[in-house]
Student: 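Below: one structure in structure tokens.
Lettering of chains follows the sequences in order, A, B, ..., and the numbering in each one begins at 1.
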2 protein chains.
Amino acid sequence: MALKYYGMARVLTSAPGTEGHGRMAGVGVTIQDVARAAGVSPMTVSHVLNDHPHVRTETRERVLRAIAELDYRVNVAARNLRTGRTGTIGLAVPEVDRPYFGQLAAAIIAAAARHELKVAIEQTGASREGELDALALSRHRLYDGLILSTVGLGSADTELLKVDHPVVILGERIFEGPVDHVAMPNAEGAKAATAHLAERGCRRIAIVAGRTGDQVDVSSLRLAGYREAVDEAGLGFDPALVVPIDALTMEDAAAAARRMADSGLVFDGVFCVTDTVAIGVLRGLADRGVRVPGAVKVIGFDNVEEGAYTVPSLSSIDPDHALMAGTAVELLARRLAEKGQGKRPEVREFVSRWSVVARESTGG
Amino acid sequence: MALKYYGMARVLTSAPGTEGHGRMAGVGVTIQDVARAAGVSPMTVSHVLNDHPHVRTETRERVLRAIAELDYRVNVAARNLRTGRTGTIGLAVPEVDRPYFGQLAAAIIAAAARHELKVAIEQTGASREGELDALALSRHRLYDGLILSTVGLGSADTELLKVDHPVVILGERIFEGPVDHVAMPNAEGAKAATAHLAERGCRRIAIVAGRTGDQVDVSSLRLAGYREAVDEAGLGFDPALVVPIDALTMEDAAAAARRMADSGLVFDGVFCVTDTVAIGVLRGLADRGVRVPGAVKVIGFDNVEEGAYTVPSLSSIDPDHALMAGTAVELLARRLAEKGQGKRPEVREFVSRWSVVARESTGG
DNA sequence: TTGTAGGCGTTATCAG
DNA sequence: CTGATAACGCCTACAA
């Protein structure tokens, strides 16, 4: 279907300019050099660098001047070694190129900045090993702590989470885990989404979800909410309306929707376990000429930004990302502060709030 | 338009389990401890760690056993300090939550992994200061090198790029810059996109672009390509068809499209400077009941994954992200290898290839 | 094949 | 208010 013409790649190289790359400022300048230039001891420079209070203003200014002149930069590695901290937290997500995780990462970065923490993003590839790798990395003292957006780890892996640095699990809930976690209102949100479809008149509501294994993955948790809502609405649960897909991607979702339409399955509503899935479903239904919301109503979960711009625009459950991100960072920062104070307080769990965002896809 | 109901957030805390968080393995274990346990010198352990060849297999095994038993982890900070390298490159992008940059980041991470490099993602907020910050950070020796996706820096800032670590500029082209860069085929791609619209019968082709300032920003470069195509197709350039938006976001783009429809502007094709913009435009046109591709044809630039799933699906220019990402990392890795060898070879420039991806939005 | 000495650049501690 | 001393944990260079 997609037609392509090609243009050529090209590589150009140019000779080094005569302006020359002379001496680069700031290379290898140490705190010692600054101290010498300012006529003080290295310690004093360090004090200035770290905003210690007991430095005469005049001395401080002399030091700052020397720093500027020499274009001095602290060597972070040395500081990290000495202090045992890096000022960086890790964020492990399945894939940065999925809208939801991209938006989550942005929110976490913003929240971390408020705590003067930097964020390094790891990709776990949505696999158990990837997640374990991320855990290992922070054990290498690369990060002061880790925010882990799990999908691969299950309740069975709780032992592995007993590491010596703070970890906050984000997204799913690992029951009885030994670490803090920030969870989505998975069941409640899914229930609300499904109920919303029922209110809008749907009687045969399908759910498109990932294959459910462990009971703590998104799909299982949201499927549970779906079932509750279906029961409460008195619609009766029909297994044929549960449509499994291999990966929660637009591609798989679109294919599933086409199959649903082709198979003659009767349905007038679809709860998609994720907005990404919903976008795929919208596309799949369009491929078969199924009108949304006329013939079928669709709702997703995550309230991804793109959802406001699809045609029709996508109804969704908003789990308040900013709140989740902020809380995750907050919990981690608190643990970091507790470090060394020997405190070993209770495990904290935060379940975010949710809201139904009704847009065109449910006849909003 | 968007209706909301709310659910409540809740915080649960549980007492610390009696299973206890006893002694955590691996805390503060150093190479010395391992050496002692294995009955060798610390150096031997280091040799094993770094896969040096001259270690007897039996010794190596003894060491590995000790490492496993003590759950030893190298202290990365110490290693970095000693070696002067971090094994991490920085990637500075405007925002991770824009589809294009998320997908770019994923590609870079994959490419870097092939060179055994880790990637730390910085957000510059699409501002000049943000980009300068990223440059400064790597000067702090936090990263071995930096891939910088510029939008804020202009030709005037080339001086600032003369830093002591490798930098590769990605995306736009900074003319005569002293650093390597990987550029998009901006003008050529834009020209091809516009020509594609003309071939499909469009006579009044509009362009939605950011306000053009410096001549090296995406919008200016792509606008230039647009003009060329319009000229070559003999359509005549009409300034009224150049629609400026403040930010290259879906929101601004949708608003612009609505204004275009409302104002009575006559147009039958739209070249959007970016896929994100195009998605917004599709939405804006839908808001006004303008049929795509019936009444107006639309094409974007970037070939973002989402484009295949919009309704109608979005035609675009594919600049081959994987190739660009791979090349950027390749160039950086080469510079890293050259480091210390005193080589100061010519500046390299790579312009990616492009292809037209024709989908429904241009009547594909 | 293994081990010894020394220092990478910084800051905690404590003394002046 | 300022500074001397001593690590932090590892690896390069060389010696045994």
Side-chain angles (χ1 to χ4, degrees), chain A residues 26-64 66-67 70-88 139-142 144 164-165 339-341, chain B residues 26-64 66-67 70-88 139-142 144 164-165 339-341:
Chain A
V27 182
V29 177
T30 78
I31 218 175
Q32 318 265 356
D33 301 323
V34 176
R36 208 171 305 123
V40 296
S41 84
M43 249 350 274
T44 304
V45 179
S46 174
H47 286 146
V48 171
L49 250 30
N50 297 287
D51 286 323
H52 284 211
H54 303 302
V55 183
R56 236 188 341 176
T57 342
E58 196 236 339
T59 317
R60 176 193 314 280
E61 276 168 4
R62 202 141 34 92
V63 170
L64 289 175
I67 288 178
L70 298 177
D71 193 24
Y72 163 79
R73 316 276 164 174
V74 292
N75 182 320
V76 188
R79 172 180 286 174
N80 290 350
L81 174 57
R82 186 55 245 223
T83 62
R85 307 186 339 96
T86 65
T88 299
R139 283 204 255 178
H140 287 240
R141 301 173 187 69
L142 235 183
D144 294 341
D164 56 320
H165 60 267
K339 203 90 176 230
Q341 296 187 27
Chain B
V27 182
V29 178
T30 79
I31 221 175
Q32 319 264 356
D33 300 324
V34 177
R36 208 172 304 124
V40 297
S41 87
M43 245 357 271
T44 305
V45 179
S46 175
H47 285 147
V48 171
L49 250 31
N50 297 287
D51 285 323
H52 284 212
H54 304 303
V55 183
R56 237 190 338 179
T57 341
E58 196 235 337
T59 317
R60 176 193 315 282
E61 275 167 5
R62 202 140 35 89
V63 171
L64 289 175
I67 288 178
L70 298 177
D71 193 23
Y72 163 79
R73 316 278 165 174
V74 292
N75 181 320
V76 188
R79 173 181 283 176
N80 289 350
L81 175 58
R82 187 55 245 228
T83 61
R85 306 186 343 95
T86 65
T88 298
R139 283 204 256 179
H140 288 238
R141 301 174 187 67
L142 198 57
D144 294 342
D164 56 320
H165 61 263
K339 203 91 176 228
Q341 294 187 28

Student: Go through dT2(C), dT11(C), dC10(D) for me and flag the one nearest to the His54(B) side chain.
Tutor: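 Per side-chain heavy atoms of His54(B), the pick is dT2(C).
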Student: Among dT2(D), dG9(C), dG7(C), which nucleotide sits nearest the side chain of His47(A)?
Tutor: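 For His47(A), the side-chain atoms sit closest to dT2(D).
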Student: Name the residue closer to the 5' end of DNA chain C, choosing between Thr57(B) and Ala78(B) according to the nucleotide with the nearest heavy atom.
Tutor: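 First, find each residue's nearest nucleotide; the 5'-ward one identifies Thr57(B).
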Student: Ignoring the backbone of Val74(B), work out which of dT2(C), dT11(C), dC10(D) is nearest its side chain.
Tutor: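 The answer is dC10(D), which lies nearest to the side chain.
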Student: Closest to the Thr30(B) side chain: dT2(D), dT2(C), dC10(D)?
Tutor: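 The listed nucleotide nearest to Thr30(B)'s side chain is dC10(D).
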Student: Looking across every strand, which nucleic acid part, if any, lies under 4.0 Å from Leu81(B) by heavy atom: base, sugar-phosphate, or nothing?
Tutor: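 The residue Leu81(B) makes base contact.
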Student: What is the distance, rounded to the nearest whole Å, between atom CE of Met43(B) and atom C1' of dC10(D)?
Tutor: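 Distance, rounded to whole Å: 8 Å.
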Student: Could you grab the distance from atom CZ of Arg36(A) to atom OG1 of Thr30(A), nearest 0.5 Å is fine?
Tutor: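 Rounded to the nearest 0.5 Å, the CZ-OG1 separation comes to 7.0 Å.
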Student: Heavy atoms from C-beta onward define the side chain here; which of dT2(D), dG3(C), dT11(C) lies closest to that of Val55(A)?
Tutor: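 Among dT2(D), dG3(C), dT11(C), the one nearest the side chain of Val55(A) is dT2(D).
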Student: Please determine whether the number of non-hydrogen atoms from other residues, nucleotides or ligands lying under 6.0 Å from atom CZ of Arg62(B) exceeds 12.
Tutor: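 More than 12 within 6.0 Å, yes.
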Student: Identify which nucleotide among dC10(D), dT11(C), dT2(C) has an atom closest to any side-chain atom of Asn75(B), counting heavy atoms from C-beta outward.
Tutor: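 For Asn75(B), the side-chain atoms sit closest to dC10(D).
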Student: Would you mind telling me which of dC11(D), dC10(D), dT13(C) lies closest to the side-chain atoms of Asn50(B)?
Tutor: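 In terms of side-chain proximity for Asn50(B), the closest of dC11(D), dC10(D), dT13(C) is dC11(D).
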Student: When only distance counts, do a donor and an acceptor, one from the side chain of Arg82(A) and one from the base of dA7(D), lie under 3.5 Å apart?
Tutor: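 Pair found.
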Student: Can you tell me if the side-chain N/O atoms of Thr44(A) get under 4.0 Å from OP1 or OP2 in dG3(D)?
Tutor: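 Yes, Thr44(A) has a side-chain N/O under 4.0 Å of OP1/OP2 on dG3(D).
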Student: Taking only the side-chain heavy atoms of Arg56(B) (C-beta and beyond), determine which of dT1(C), dT11(C), dG3(C) contains the nearest atom.
Tutor: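 Of all the options, the side chain of Arg56(B) is nearest to dT1(C).
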